[in-house]
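These numbers come from the heavy atoms of this one structure, side chains and all, not from hydrogens, waters or symmetry mates.
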Amino acid sequence: MKNQLEQAAHAIKSAKKIVAFTGAGISVESGIPPFRGEGGIWNTYDPIVLDLDYFFSHYSQAWQAIKSIFYDFLKDKKPNDAHHVLAKWEANSRLEAIITQNIDNLHIEAGSRNVIEFHGNAQRINCTDCGLLIEAGKWTFTEKTPFCPDCGGRLKPDFVFFGENIPHQAFLDSQQAALTCDVMLIIGASGEVSPANRIPELAKTNGATIIEINPGETLYTNRVTDIYLKGAAGKVLSDIDTALQ
Ligand code: APR
């Protein structure tokens, strides 16, 4: 591991443009379960609740699950060491951007600024009728099934549902970042969901060195990854940060 760690630190030190690609695993040390694998959300809830057609045809049932998974549970969660190290590297101009699949807002709360939200952000809730934007952090769910306080219309969290397009600007920005970086960090991502899972491959085909941080091997490890650091994101990123001093 030390050798891998030293290799990763050397690649980061000599990089011109580093981009991080993060998945649910980076938030596990904040107390947020991943979607898949041990303790995964999809072991408890049916992913259908995030299917766009189901959401609009079973509005109340979908919102019950979405409220407990993404609002009741996420409410008091804080960034962990992994989020803070990435924010520090951005502040020191070591990290150019973060492309995140996560909708938990923890990169922003840690102080990262150039965060490309590939799957949107649960902190924003939109009315599908009048377009009212509600900030989830400042909103109390009075009803079991929420409706727009202004027009009574149906509310949808501003994150990407299965069957929904990726926000266009986020898609373009992610491609641009993947095609111009010379190191990409894959942190806590299983590689199971497209089109997000294409981003590290894009960086790889463009000649970037891929450093992967994950306690377990993934679809990337033997195909895309150049340096695999086995372990939890907070611990490994802190170790790399120490090695960079
Ligand atoms: N540190 C780093 N990685 C971790 C940790 C940890 N402490 N704990 C778990 N992991 C890893 C798991 O080994 C797994 O590879 O994080 C990964 C989480 O995988 P998923 O739950 O599939 O999360 P993600 O890759 O982000 O899923 C992609 O699927 O359901 C959709 O929209 C959802 O954005 C999500 C997408």
Side-chain angles (χ1 to χ4, degrees), residues 19-28 30 32-36 40-42 45-56 59 62-75 77 79 83 86-87 97-139 141 146-148 153-178 186-200 202:
V19 169
F21 173 75
T22 67
I26 198 170
S27 297
V28 165
S30 296
I32 301 174
F35 288 99
R36 297 169 189 82
I41 289 169
W42 299 143
Y45 290 89
D46 184 339
I48 191 93
V49 294
L50 289 191
D51 175 89
L52 200 58
D53 293 337
Y54 177 86
F55 175 73
F56 284 111
Y59 183 73
W63 253 111
Q64 300 313 313
I66 288 167
K67 180 173 176 299
S68 51
I69 305 171
F70 298 106
Y71 294 102
D72 299 346
F73 185 63
L74 280 187
K75 202 165 35 214
K77 299 299 181 282
H83 299 100
L86 293 184
I98 296 172
I99 303 165
T100 189
Q101 299 174 94
N102 301 340
I103 57 175
D104 56 29
N105 202 50
L106 292 186
H107 284 302
I108 302 282
E109 287 183 32
S112 292
R113 285 291 160 266
N114 192 3
V115 180
I116 302 168
E117 296 174 331
F118 202 79
H119 288 155
N121 189 321
Q123 284 307 306
R124 299 184 297 268
I125 298 173
N126 295 310
C127 173
T128 57
D129 289 347
C130 73
L132 176 73
L133 171 62
I134 295 171
E135 282 193 49
K138 297 179 185 143
W139 192 51
F141 288 79
F147 289 94
C148 177
R154 289 183 300 186
L155 299 176
K156 179 184 172 299
D158 190 24
F159 55 70
V160 177
F161 281 53
F162 293 116
E164 191 175 9
N165 288 333
I166 300 300
H168 188 58
Q169 195 55 53
F171 189 84
L172 295 177
D173 294 346
S174 303
Q175 279 200 316
Q176 173 66 14
I186 307 176
I187 307 165
S190 61
E192 297 269 349
V193 167
S194 71
N197 57 5
R198 294 274 302 117
I199 291 165
L202 212 51

Kindly compute the distance separating CD1 (Ile103) from CZ (Arg124), expressed to the nearest 0.5 Å. 10.5 Å
Does Ser30 reach the main-chain N or O of Ile32 with its side chain, forming a donor-acceptor pair under 3.5 Å? no
Minimal heavy-atom distance between Ile116 and Ala170, with the atoms involved, is CG2-O, 3.5 Å
Applying side chain to side chain contact (heavy atoms under 4.5 Å, CB included), can you list everything that pairs with Asp51, at least two apart in sequence or on another chain? Ile48, Asp53, Tyr54
What are the two closest heavy atoms between Gly153 and Asp129, and how far apart are they? CA-OD2, 3.1 Å
With no hydrogens and no angle check, is any side-chain donor or acceptor of Trp63 less than 3.5 Å from a backbone partner on Leu155? yes
I want to know whether Phe118 and Phe21 have ring centres closer than 6.0 Å. no
Closest non-hydrogen contact found for Gly111 with Ala87 is C-CB, 4.0 Å
Residue pair Ile108 / Gln123, side-chain heavy-atom distance below 4.5 Å: no
No-hydrogen, no-angle side-chain donor-acceptor test under 3.5 Å, Asn121 and Asp158: no
Backbone N/O of Leu106 and side chain of Glu109: donor-acceptor pair under 3.5 Å: no
Answer yes or no: is there a side-chain heavy-atom contact under 4.5 Å between Phe35 and Ser190? no
Are any of the side-chain heavy atoms of Pro34 and Trp42 separated by less than 4.5 Å? no
Tell me which one of Thr100, Ile99, Ile166, Val19 satisfies side chain to side chain contact (heavy atoms under 4.5 Å, CB included) with Ser174. Ile99
From Cys148 atom SG to Arg154 atom CZ, the distance as rounded to the nearest 0.5 Å: 12.5 Å
Of all heavy-atom pairs linking Ala62 and Val49, the shortest is CB-O, 4.0 Å
Would you say the side chain of Phe159 lies within less than 4.5 Å of the side chain of Asn102, judging by non-hydrogen atoms? no
Distance from Leu50 atom CG to Ile41 atom CD1, nearest 0.5 Å? 9.0 Å
Within the structure provided, determine whether Glu164 and His119 are in side-chain contact (heavy-atom separation under 4.5 Å). no
If you measure from CG on Asn197 to CD on Gln101, what distance do you get to the nearest 0.5 Å? 8.0 Å
Measure across Gly163 and Leu52 and return the closest heavy-atom pair with its distance rounded to 0.1 Å. O-CD2, 4.2 Å
Between the side chains of His107 and Thr22, is a donor N or O closer than 3.5 angstrom to an acceptor N or O? yes
Please round to the nearest 0.5 Å and tell me the distance separating atom CD1 of Ile125 and atom OH of Tyr71. 4.0 Å
If you look at every heavy atom in Ala136 and Ala122, which pair is closest and at what distance? CB-O, 3.7 Å
Within 45° of the axis and under 6.0 Å from the centre of the six-membered ring of Phe73, does NZ or CZ of Lys77 qualify? yes
Distance check, rounded to the nearest 0.5 Å: Ile187 atom CD1 versus His83 atom NE2? 9.0 Å
If we only count heavy atoms from C-beta on, is the Leu172 to Gln176 side-chain gap below 4.5 Å? no
Side chain to side chain, Leu86 and Ile98, heavy atoms closer than 4.5 Å: yes
State, yes or no, whether a side-chain contact exists between Asn126 and Ile134 at a heavy-atom distance under 4.5 Å. no
Verdict with supporting geometry, Tyr59 and Phe147, ring-ring contact (aromatic ring centres under 6.0 Å, His included): CA-CA 10 Å; Tyr59 183 73; Phe147 289 94; 5.1 Å; yes
Asp72/Lys67 salt bridge by N-O under 4.0 Å criterion: yes
